Amino acid sequence: MDRIREGRQARKEHRVIQWSHQKFRDAGNYTQSFNLFHKKVIVTAEPANIKAVFATNFNDFDTAGRLEFIGQVVGKGIFTTDGEEWKHSRAMIRPNFARAQVANIDAIEVYLQDMFKLLPSDGTPVDLQPLFFGLTIDTSTEFLFGESVHSLRGDEPGKPSGVAFAHAYDTALQQCAIRATQPPWERIMGQSKEDLQNCRTVHDFVQRYIDEALRWRRTWDGEAKALPTGQYTFLFELVKETTNPEVLRGEVLNLLLAGRDTTASLLGSMFFQLAKRPDIWDRLRSEIAELSGAKPSFEELKNLKLLQWCMKETLRVNTIVPTIIRNANKDTTLPVGGGNDGKSPILVEAGQMVFCQTAVMHLREDIWGPDAAVWNPDRWATLRPGAWDYLPFIGGPRVCIGQQYALTEAGYVTARMVQTFSKLASRDAGPWQEKLTLTCAAKQTNVSLTRA
Ligand code: HEM
């Protein structure tokens, strides 16, 4: 109970990761256990243990009832299932991401221009974090459905409200995040009327695209031919594999969940850090000036070293998925954390949850050096972390399938911002603060921008 109270206080003060880190330091061991209501929970920020959960002992763990918490909104799909169901989803979806350039740069540019229209260029402060959320819901709905919800443009007359969809989706997911941290007795009331309505709004909105894709599928002759959207669209690729509307809705919403907030959070935190470091912004401008103002291609983005380091460093210092929870489905072990010296294996009993705190692991001074908490992209010039020391996208069979997509989108957006604005200055007095929902974003990214 004391831990829950402290955790809630830390959440209010936007410092849960800092607080968790301190708990490990106090214990002198990066693996601990405590009782959460009726369950014993293990928390670990130990690379060897995380490797065991996600790779070596992968089959001994599942996603700890994730479907129970977010299933009402997103349904069954790659993110919310386990075992054979998950294997099937992953096999169906993975090939869609195998293409190197799955993120469509031309489409991103369209929505980026919508965002630019909302940015004051006379130095008036603006919070970039909500705008990045708008941008990524616009780009990911285009990628998934073939048509964007255009949340940054507002509603168009005669069309179903994309803004209402985006709002219902956000609110329903926030509700899930709250439910996930509630003790069982607080959850007993179930979903509120408003919550149920939000889920319905989300499902009805997506259904329209599913119906359209199914109509197209009925005319498809099995040969590769241009999709009606004229470009790669996830849903139209998926109807070649399955025509079950519930499966289609689940997979599309699972991907929207996995891909949208994460990329926006990376952008929000990176711009927070960049705004505090005008020297790095200037160096980025010099690096990107080599493109002579041209829009970067996929290959060019990969070769912009400093830009890549900035993304890597943000994913370390401001880890987007800070804790990944797994449940042991049989008695098993983790290699370290036990015994008097904390170096012996530990028992994990069936039904016990393991909280893998990659965010804390990324801030450990004994792994990253005394300046571990400092955002310093230049460290990546020489740094080669151990395979399981740096896990922004986790590892093993459930490694993120959207990593390349996310880095392309975030890199492209940053490069275009650098080309468009000569100056970026922070308007936040204090240091970066977390905003924890299902992912971890910057609480705010107030900046002022000056056009080039
Ligand atoms: C900076 C951006 C991103 C970060 C930091 C990130 C990180 C992660 C992490 C840590 C996981 C493991 C979660 C878990 O197992 O509990 C994951 C899974 C996943 N990610 Fe990402 N992700 C990002 C962007 C994306 C994008 C853009 C997409 C798709 C368009 C995507 C699709 C997925 C999917 C489908 C899974 C589940 C894979 C499975 O369980 O087999 N992610 N991601």
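Counting starts at 1 for both ligands and their atoms, following the listed order. It should be emphasised that the depicted structure is a prediction, and the values quoted were computed from it without experimental measurement. Along the sequence shown, residues are numbered consecutively beginning with 1. Just the heavy atoms: all of them, side chains too, but no hydrogens, waters or symmetry mates, feed the values below.
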Is it true that the NZ or CZ of [X] lies under 6.0 Å from the centre of [Y]'s six-membered ring and within 45 degrees of the ring axis?
| X | Y | value |
| --- | --- | --- |
| Arg316 | Trp368 | yes |
| Arg364 | Tyr30 | yes |
| Arg66 | Phe79 | yes |

Side chain, backbone, both or neither: [X] near ligand 1, heavy atoms under 4.0 Å:
| X | value |
| --- | --- |
| Arg326 | side chain |
| Ala258 | both |
| Ile78 | both |

Heavy-atom contacts with [X] under 4.0 Å: which atoms of ligand 1 show up? List them by number with element.
| X | value |
| --- | --- |
| Phe97 | 29 (C), 30 (C) |
| Phe79 | 36 (C), 37 (C) |
| Pro392 | 5 (C), 7 (C), 10 (C) |

Quick check: does any side chain N or O of His14 sit under 3.5 Å from a backbone N or O of Leu436, one acting as donor and the other as acceptor? no
Ring centres of Trp19 and Phe24 under 6.0 Å apart? no
For ligand 1, is there an atom lying under 4.0 Å from some heavy atom of Arg66? yes
Best match, Ile320, Leu255, Val321, Thr439: closest heavy atom to atom 9 (C) of ligand 1: Val321
